[in-house]
Structure formats: structure tokens, C-alpha cells
There are 2 protein chains.
Amino acid sequence: MELSQRKEKILAAVVEHYIKTGEPVGSKTLLSALDINVSSATIRNEMAELVALGFLEQPHTSAGRIPTNEGYRYYVDHLMGVRPLDESVKRQIEAGVSIKNASPEAILAKASEFLADMTDCAAVSTTPSGENATIKRVEFVPVGTRTGMIVLLTSTGVIKSKVCRSDVDLNSSMIEKFYNIVKSSFLGMPLDEIDTATLQTLVASMGMDALTMIPFVSAVSDLAQEAMKTMVMLGGQSNILRYRDDYGTTAYELMDFLRRGEPISRLLANSKEDFDVKIGGENKFKQLENSSVIMAHYNIDGDNRGSIGIIGPTRIDYASLIPSVRYLTDLVGELLTQTLNDD
Amino acid sequence: MELSQRKEKILAAVVEHYIKTGEPVGSKTLLSALDINVSSATIRNEMAELVALGFLEQPHTSAGRIPTNEGYRYYVDHLMGVRPLDESVKRQIEAGVSIKNASPEAILAKASEFLADMTDCAAVSTTPSGENATIKRVEFVPVGTRTGMIVLLTSTGVIKSKVCRSDVDLNSSMIEKFYNIVKSSFLGMPLDEIDTATLQTLVASMGMDALTMIPFVSAVSDLAQEAMKTMVMLGGQSNILRYRDDYGTTAYELMDFLRRGEPISRLLANSKEDFDVKIGGENKFKQLENSSVIMAHYNIDGDNRGSIGIIGPTRIDYASLIPSVRYLTDLVGELLTQTLNDD
DNA sequence: GTTAGCACTCGACTTCAAAGAGTGCTAACG
DNA sequence: CGTTAGCACTCTTTGAAGTCGAGTGCTAAC
């Protein structure tokens, strides 16, 4: 749907004014904000049409207009100026994500916290999906006479460890056998190929040793499962209170939604583009019906992607936050790639 | 300060009624809740004295009474019935913390979440302090030609790992040297004795090898520092919205306070008893002036302690939540001790 | 010491009116 | 035909005034 240039100007002004103040915008206010040579009556006419088209709405008859979700959508898609990020903001973001010698989890956790502080929104990020990751290394660290810690390292730099308990006392030949199994069956293996079926054939092939090795092998498998799961890092939940009125009654639901990692990772993984904005009900989660999500995805070595995003009210400042989220996400992606390939 | 038996009855009734309803309690309401054979006028007289003594207050002249912090304190110290926990509640808690083969962090994180859900409050827990912990094991896992991962395991079961980068290509003699250093200087060493001074003398004693070993040694030291830090696990921040009115304007401050782990660990570490209740301004944190904290401490092998607690409004249900927090904390302590000694 | 009775206080809720913001419509204008 | 001035209309907000009711504090009597 195409709008006349004047309608676009008016829509943009309404959106921007409403984002700034949170108050419905009237025709006179618009008149002074707009450098158009028409009267308020004309603007009223235009606005009435924008209401009919579904881009604006009135809270009540005698109030100004506020954008509908469709209004925000049109604004984001067509009207929003994509001014490049200010150099000083770039510096700030660079400083915010810089952290050295850190694990991917720590990097993303810090990025979430920083992004939340910067945007006054709740921020989320997910670790790279383990779908295309392989097992890079498995180590066994004896801890007690019958227990040891198994450490698994994936090609995506994720480290998982788990204490595992043997039914009999450990001895060096057992450990040697374990490393042989690791070498022949686990190293280089894609995480998602380690399922119960492969595990069973593996155990079957071990013959006599099966019984003693089962705890170790299944621990490795557990760790692989765990490493595949994307983790969700949260930041700035307290910022939800900042826009409490905008969320209305969904504030509690929203906070509760953020607690549970799983739906968030689905939310973030849902979008196929490098970058995505979901406005209000556009995402199918009821808890987010009064919220907008701005998210971007990073890639590590091509195809392992994770996401970073912010969740705010629908009247979030799209124009200035979108570039920030994108820039930060790109930076984090680079940082992660670099950490990973830094051998 | 001693109160007459009748005053105690009245104070207890006011506290309990206010906790339940959140409404100021009047003399007539009290009359029906209390099985005392006096008139409402007598109760009024008693209440007036309780106000004078500082245990009750009136929001305004013509309203009922609500407890002051001192009132809650007297209630908790002298009046609250310490009924033993219901068997079904015990079962529920046992089910809530049960989790197998998990790290201390995972156990505590789960306990926090569960406690938050059960009590409708925000819940926090801290990992055991590393003060009396020693280094149990250090492993080096090569990752690339110049990088490797160092894994440190403490006597308290904490596992920390870190990628570390050498200035020259790794070879087996370097790794051997590293393990020798670990064996002679790190194993069994208390974490808090690894400071820059000891590190310097250690490096000095290495002579020729100092340069190549420095990255590894300092990584171990970093990990030791990290392992000493108590971590804070949070649960149920969203529950703050549940009692939003009670927190008044401090709701945001409270959430923000919860974000930062450091003050929380100070708060929890501050109390010397096995168990502690801080009511309103009793804890010196301004952000908590409208909140009460119920916390308990667990011990692992005698002296390594951590804490678990809940943070709610001052009109939190002390009588039923205190036993729950204690029971859960004891359980978690046992679980951690067991996990640790399960060699 | 306890109680009944009563005047009094003060917030909560309702009603009403006035103010103000903003609209939609109509008629006139270029 | 698009634009505009003018105006009646609608609906929220604000504040004042009034009522209600819960609850108190005090006094006088038991």
C-alpha cells in the first residue's frame, strides 16, 4: 500500500511524536512539528483517512491519534530515516562489548547487560546454535576414586563439563579405553548425530567393556545434548518497570515470559533475515502483544547463528535503536568468530 | 520489652490479618478474629498503647492499624508460632530441589527458581564461599597450536575454565613443565593464598621458563580468583510485580538491586546466625527499605557456607515461609555436601 | 479495668460543573 | 476539487462539594 507523500509525512510525525511523549498527537501539535503549509483542518482530514486505512487510531473520540501496529510497521519499513550511527555511539558500543579471554557465554551475557543499559529495554541474546557444531575435544579429569569430570569442547567454543560416576574403581586402563572410544567415535562428530540409536550401536560394539564404559559414554552424550541447546542470556528485566504503563497488564506476563528461556530462543530463531523487527502482535506470543522486539543475528564461520535483541514497548524508538542493535550484534559476531579462530 | 499477654494476642492478630489482606485492621475486625471476651473499646485502648509503644501505626486518623517494622520484629521474635512444616510441603520441597549429577551452580539455580515459585517472592542464593577452598586439580586441554584451556577444580566442587594463549607454539615439554609447577605450587593450595606476591616469587623461581609459563600460571591465578568469588543465583524477579503496591516507589530500585550480584552477596553474608530475618530498614540497603529478607545458610563440611533467601514485602508471611526457607536450605546443604563427597 | 455511647476525623466514592483538547462537519473560497 | 475557517459536539480531566462509612478517641458509667 502506497501513501501520498503528505500522508507519509504526517504518519511519520505522529509516530515520532508519540514515541517521544507517549501522548496522543493532535492536529495542532502536528502543525507546528511539520513544515507543511496547510491548516490543521487539512491535517485532520488526512489523519481521518489514515485512521480509515488502519495506520492510526484514537483512544477516544476527542483525543489525538496514536499509531496502530500497522502504522509502526509502515513507519519502520518506509519512513524511518536510516541515519548512520553516530561515531560516539559506536565508540560506546565498542567499549561496551569489549571483554577479553572470555567464553562465548560471558561475551553474550555482557552484551545483553550493556544493551539493556544502553537502550533502557530488556535485552536478550542466545548462544550460537549447536546444530552444525562438532565435538572438538573430550577430556576426562579424575576427581575421586570412582568419580571423574568429563569436559567436552565443541567446534563452536562451547565448554560443558559434568561429573560422572563409575560403578567400579577407576584405573588407568579404563581411562585409556575411554579415550580410545572418544577418538574413534566422538571426535569430529556432529553434535546432532549423537542420539540414542548411535549410542546403542556404539555400546554394542564395545563388548566386554560396555558395562564399565556406559557411565562415561552416556555422560559424553548428555554433554553433547547440553552443548546443542542454545542458552539465553537476559539483561535489564528491571527496565520493564520503566515502561510499565505501556505494557499495561501484560507487564507481569512479560517478565514471566523472559524467565523461561525456551520461548525466547524460539522467538529469536524464528526469523530468517539477518535482522528483524516484530511489532506488537506480529510475534505470535500473547505475552508480547504490547511489546516490540528488535533483533539481529550474528554468524560465526558462516552458518552458526545466534541472536541478540531487545524487547520494549511498541512505542520503542525504532529509528535510533535499530542501528544500535545491528551494530552491536555485528561486533559480537566478529568477537565470537575471532575468539573461536584464535588458535 | 515485655508485653502483656493480651497485647501480644492483639499484636499477633493485627500482624496476621494485615499480612493476609494488606488492609489496615480495625478494632471490630479484631474482635471477631480474636477469641477474647472484651469489647472493641478495650481493644482500641490496647491498640492505642501499642501505637505509643511503636509496634503499630495508623496510616491516617480514621483508619485501622498496621504493624510497624518493630511490630513485625516482635511478632517474629516472640509471637509467631513455629508450627512444624506440613509433611506434604516437605515432600514438595524435596521434589523441588532434587536434581541429579548437577554442579553446585545448577543445584542452587534450580533451588532459587523453585523457592521463588513456591513463595511468590524473589529468591536468591549464593554459591559456597571459596574462602576455605583449596585447589584440588588443574588440567590443561590443548585446543589449538598456541591455545589451550585450563580447567581448575576446587575442593568445594567448583569448576572454572578459561582459554589461555601462549606466545609460542605449544609442545609436550612445556605442558610437562606446567604440570610440574601445578603439582609443586598449586595443588592443595588455599585459594586465598594465591595473590600477586606468591605469584611473583613463583615466577621468579622458574628461571628460564618464566617467560613461556607466565600465561599459564596467571590463568590459573585468574581462575582461582574467580572460584573464590561467590556467585549469586536469582529467581522470580517477576514476583516483585506481584506485590508492587507494597514496594511503592522502590519496586524499580529493588529490581535493579537484584541485578547486581555483589550487594546481594554482602547482604546475605552479613548475618552470622544460621538463619536470619531482616525486616524493612533493618538491612542497611536503601533499596530494601520496604522489603523483608528471610535467609538461611547452609554449610558444607563444617565451614564453607553459602546462603539462600527470599525477598518480599515487609508484610510477607513470616510464619509459614521461614520454616520453608530453612528446610529447603538444609536440604540443599545436604545435597551439596553429598555431591561433593560422592567419590 | 472495662464498656457503652457518641462526637469527630478522614479517606473513598459519587455527583456535578467547568475547562480543555481535539474532532467532524459544513459552507465558503480560490 | 482540494483547502480552509468556523463551529458545534464529544469525551476526558480536574476540582469542588457532598455523602458515606469505617474507625477512632474520649467521657461517663459500671
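Here is the naming used below: chain letters follow the sequence lines, and residue numbers restart at 1 for every chain.
Between Arg6(A) and dT3(D) there is a side-chain N or O to OP1 or OP2 distance below 4.0 Å. Taking side-chain N and O atoms only, Thr61(A) has a distance below 4.0 Å to OP1 or OP2 of dC11(D). OP1 or OP2 of dC11(D) has not a single side-chain nitrogen or oxygen of Gln58(A) nearer than 4.0 Å. Checking the phosphate oxygens (OP1, OP2) of dT27(D), no side-chain nitrogen or oxygen of Arg44(B) falls inside 4.0 Å. The side chain of Thr42(A) contributes no N or O atom lying less than 4.0 Å from OP1 or OP2 of dG2(D). Look at Arg65(B) and you'll find a side-chain N or O under 4.0 angstrom from OP1 or OP2 of dT24(D).
Atom CD of Glu46(A) is separated from atom C1' of dG2(D) by 10 Å (rounded to the nearest Å). In this structure, Glu57(B) atom CD and dG23(D) atom P are separated by 17 Å, rounded to whole Å. Ile66(A) has its CD1 atom 13 Å from the P atom of dT23(C), to the nearest Å. The NZ-P distance, from Lys28(B) to dG25(D), rounds to 14 Å in whole Å. One can place CG of Leu31(B) at 13 Å from C1' of dT2(C), the figure rounded to the nearest angstrom. Counting to the nearest Å, the C1' atom of dG1(C) and the CD atom of Glu49(B) are 11 Å from each other. Here the P atom of nucleotide dG25(D) and the CE atom of Met47(B) are 8 Å apart, to the nearest Å. When rounded to the nearest whole Å, the span between CD1 of Ile10(B) and C1' of dG23(D) equals 15 Å.
Of the listed nucleotides (dT9(C), dT24(D), dT3(C)), dT24(D) has the atom at the smallest distance from the side chain of Ser27(B). If you check dG23(D), dC11(D), dC10(C) against the side chain of Thr29(B), the one that comes closest is dG23(D). Side chain of Asn45(B), nearest nucleotide from dA21(C), dT3(C), dT4(D): dT3(C). Picking from dT3(D), dT24(D), dT3(C) the nucleotide with the shortest atom distance to the side chain of Ser39(B) gives dT3(C). Of the candidate nucleotides dA5(D), dT3(C), dG25(D), dA5(D) has the atom lying nearest to any side-chain atom of Ala41(A).
A donor and an acceptor atom, one from each side chain of Ser112(A) and Ser125(A), are located under 3.5 Å apart. Judged by distance alone, the side chains of Thr42(A) and Asn45(A) never bring a donor and an acceptor atom under 3.5 Å apart. Side-chain contact, Tyr74(A) with Glu8(A): a donor N or O sits under 3.5 Å from an acceptor N or O.
A salt bridge links Arg259(B) and Asp117(A); the closest N-O separation between the charged side-chain nitrogens and carboxylate oxygens is under 4.0 Å.
Contact annotation: the side chain of Lys28(B) never approaches that of Ile43(B) to less than 4.5 Å [non-hydrogen atoms, C-beta and beyond].
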Legend entry - Chi angles and distances behind the side chain to side chain contact (heavy atoms under 4.5 Å, CB included) call for Phe55(A), Val14(A): CA-CA 10 Å; Phe55(A) 293 119; Val14(A) 171; over 6 Å; no
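When Watson-Crick and G-U wobble pairs are counted only if both distances are under 3.5 Å, dT27(D) pairs with dA4(C).
Each of Asn37(B) and Gly64(A) was assigned the nucleotide of DNA chain C with the nearest heavy atom; the assignment lying further toward the 5' end belongs to Asn37(B).
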